[in-house]
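Below: one structure, written as structure tokens.
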Number of protein chains: 2
Amino acid sequence: MAAQEQYEELARQLNTVNAVKRDLARALPADCPPAAAAVLLALARGGEMRMSRLAELLAVDMSVTSRHVAHVADRGWIERLPDPADKRSRLLRLTAAGAGKLDELSERTAERLAEQLGDWSDAEVGELIRLMTKLRASFGDCRTPARARPLTPGPREAGRPRHSDPEPPTLDPPSPAGDRAAGSPA
Amino acid sequence: MAAQEQYEELARQLNTVNAVKRDLARALPADCPPAAAAVLLALARGGEMRMSRLAELLAVDMSVTSRHVAHVADRGWIERLPDPADKRSRLLRLTAAGAGKLDELSERTAERLAEQLGDWSDAEVGELIRLMTKLRASFGDCRTPARARPLTPGPREAGRPRHSDPEPPTLDPPSPAGDRAAGSPA
DNA sequence: TATTGTTATACTCTATAACTATA
DNA sequence: TATAGTTATAGAGTATAACAATA
């Protein structure tokens, strides 16, 4: 169990590490923003999957995923095939062009990382990956907390409204076992 | 030196760890978005400082910092004092109200982290902090690279080798004293 | 002329809500 | 009625450029 001071510091690092992400993003081509690259990478790693599964992997709302997927589909980097098991659903698959694009992106990103992290040991990079993965796992599926986490274990002080949540009197907890009970990320 | 596969994975984790940050952000009060909290924390840790120094600590452009600072100043959480040494500059200082606010924020954040990371060992949390800090340090001052690093992402659709340009002008040691001032005017 | 900080503008990413088409 | 996905809208965060005041 860590001290409060440690937690504060962790939160701080979580903020500033974003600068690294932005730096990496600048190495990407203009027609492929980081979110698009993430879609390609997830499909390359996880193989054919549905929107909902992809959204889970990317840790964002499905509406967001839908836009990013449309972006990469427009460019022919992925296909959206009908799901034989469910006509509402679509199966996403990387195309050859998408795989090629991803190679290019990965190479650039790795190049940049190698430039800056050249003096890190293999073990240290691995350890950072491991801990970040574990961090994500510890938070579970922390998207759309209204529906995904209807039970807020935290005390929460007085009821302050969230940013864009003036005051939803409509508690709709009716789908807790829906989809996020599925497999583990990564 | 790590393998390309590792670098890819690191980039991926850098993306998804954002979900954790967003989750933490939701624990904050509505009048204090994460960026405002970061300003308060930085001033609490680093003491009185100028805008430019704060921007460096937060790893964002000064224009961004200016907005966030205005936000917290409007709420009386910080003061902007004249700098006796340079009348263009302003010294930022946390007020008592700001310190109080920060306490509240830190408590909430730490609470959430403790909830989710309760089973982590002190050593593991410390190691994650250490590695994230090192990651940031390895990237140096990676803000506003447009002026510091003229190599632009650009489309580059056709299979151009990417070893043609990235190399020469990149020298930009993060000197703590002078804010990289090498400018290419419009 | 150079630098500190501010403001205006634009772009990316995100979530919420309303909608469709299936189930 | 519930679920998979899409689209419209709004909010936060960021960078660029033009600007003001001072050095």
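Every heavy atom of this structure was used, including side-chain atoms; hydrogens, water molecules and symmetry mates were not. So that the names make sense, note that chain A is the first sequence line, chain B the second, and so on, each numbered from 1.
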Ignoring hydrogens and angles, answer whether the base of C:dT14 and the side-chain atoms of A:S63 contain a donor-acceptor pair closer than 3.5 Å.
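Flag unset: no donor-acceptor pair detected.
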
Not counting sequence neighbours, which residues clear side chain to side chain donor-acceptor pair (under 3.5 Å) with [X]? List them please.
X      : result
A:E127 : A:R130
A:S66  : none
B:K87  : none
A:S63  : A:D61

Excluding sequence neighbours, so at least two apart, what forms salt bridge (Lys or Arg N to Asp or Glu O under 4.0 Å) with A:K21?
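If we apply the salt bridge (Lys or Arg N to Asp or Glu O under 4.0 Å) test to A:K21, skipping adjacent residues, there are no hits.
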
Pull out every protein N or O sitting under 3.5 Å from an N or O of nucleotides 21-23 of chain D, one pair per line with the distance.
residue, atom, partner, partner atom, Å
D:dA23, OP1, B:K87, N, 2.9

Distance in angstrom units between [X] [atom1] and [N] [atom2], rounded:
X     : N      : atom1 : atom2 : answer
B:L24 : D:dG13 : CG    : P     : 14 Å
B:H68 : D:dG13 : NE2   : P     : 5 Å
A:H71 : C:dT14 : NE2   : P     : 13 Å
B:K21 : C:dC13 : NZ    : P     : 14 Å
B:N18 : C:dT12 : CG    : P     : 17 Å
B:L54 : D:dT14 : CG    : P     : 12 Å
B:R22 : C:dC13 : CZ    : P     : 12 Å
B:R50 : C:dT3  : CZ    : C1'   : 10 Å

Which residues in residues 37-47 of chain A have at least one heavy atom lying under 4.0 Å from any atom of DNA chain D?
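Output list: empty, so none.
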
Scan the side chains in residues 75-84 of chain B for donor-acceptor partners under 3.5 Å anywhere in the protein, sequence neighbours excluded, and list what turns up.
residue, atom, partner, partner atom, Å
B:R75, NH1, B:H71, O, 3.0
B:R75, NH1, B:H71, ND1, 3.4
B:D83, OD1, B:A85, N, 2.8

Backbone N/O of A:G140 and side chain of A:R136: donor-acceptor pair under 3.5 Å
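Judged by distance alone, yes, a pair lies under 3.5 Å.
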
Are the side chain of A:R112 and the backbone N or O of A:L24 linked by a donor-acceptor pair below 3.5 Å?
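Judged by distance alone, no pair lies under 3.5 Å.
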
Any pair with a residue in residues 32-49 of chain A that passes salt bridge (charged side-chain N to carboxylate O under 4.0 Å, His left out), sequence neighbours left out, goes on the list, sorted by first then second residue, please.
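Sorted pair list: A:R45-B:E8, A:R45-B:E9, A:E48-A:R93.
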
State which of [options] makes the closest approach to the side chain of [X].
X     : options               : value
A:M62 : C:dC13, D:dA15, D:dA4 : D:dA4
B:D61 : D:dT16, D:dT14, C:dT6 : D:dT16
A:S89 : D:dA4, C:dT14, D:dA15 : D:dA4
A:P33 : D:dA12, C:dT12, C:dT6 : C:dT12

Heavy-atom nearest nucleotide on DNA chain C for B:M51 versus A:A35: which residue maps closer to 5'?
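Checking each residue's closest nucleotide, the 5'-ward one belongs to B:M51.
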
Please classify the nucleic acid contact of B:V60 as base, sugar-phosphate, or nothing, using heavy-atom distances under 4.0 Å.
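B:V60: backbone/sugar contact only, no base atoms under 4.0 Å.
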
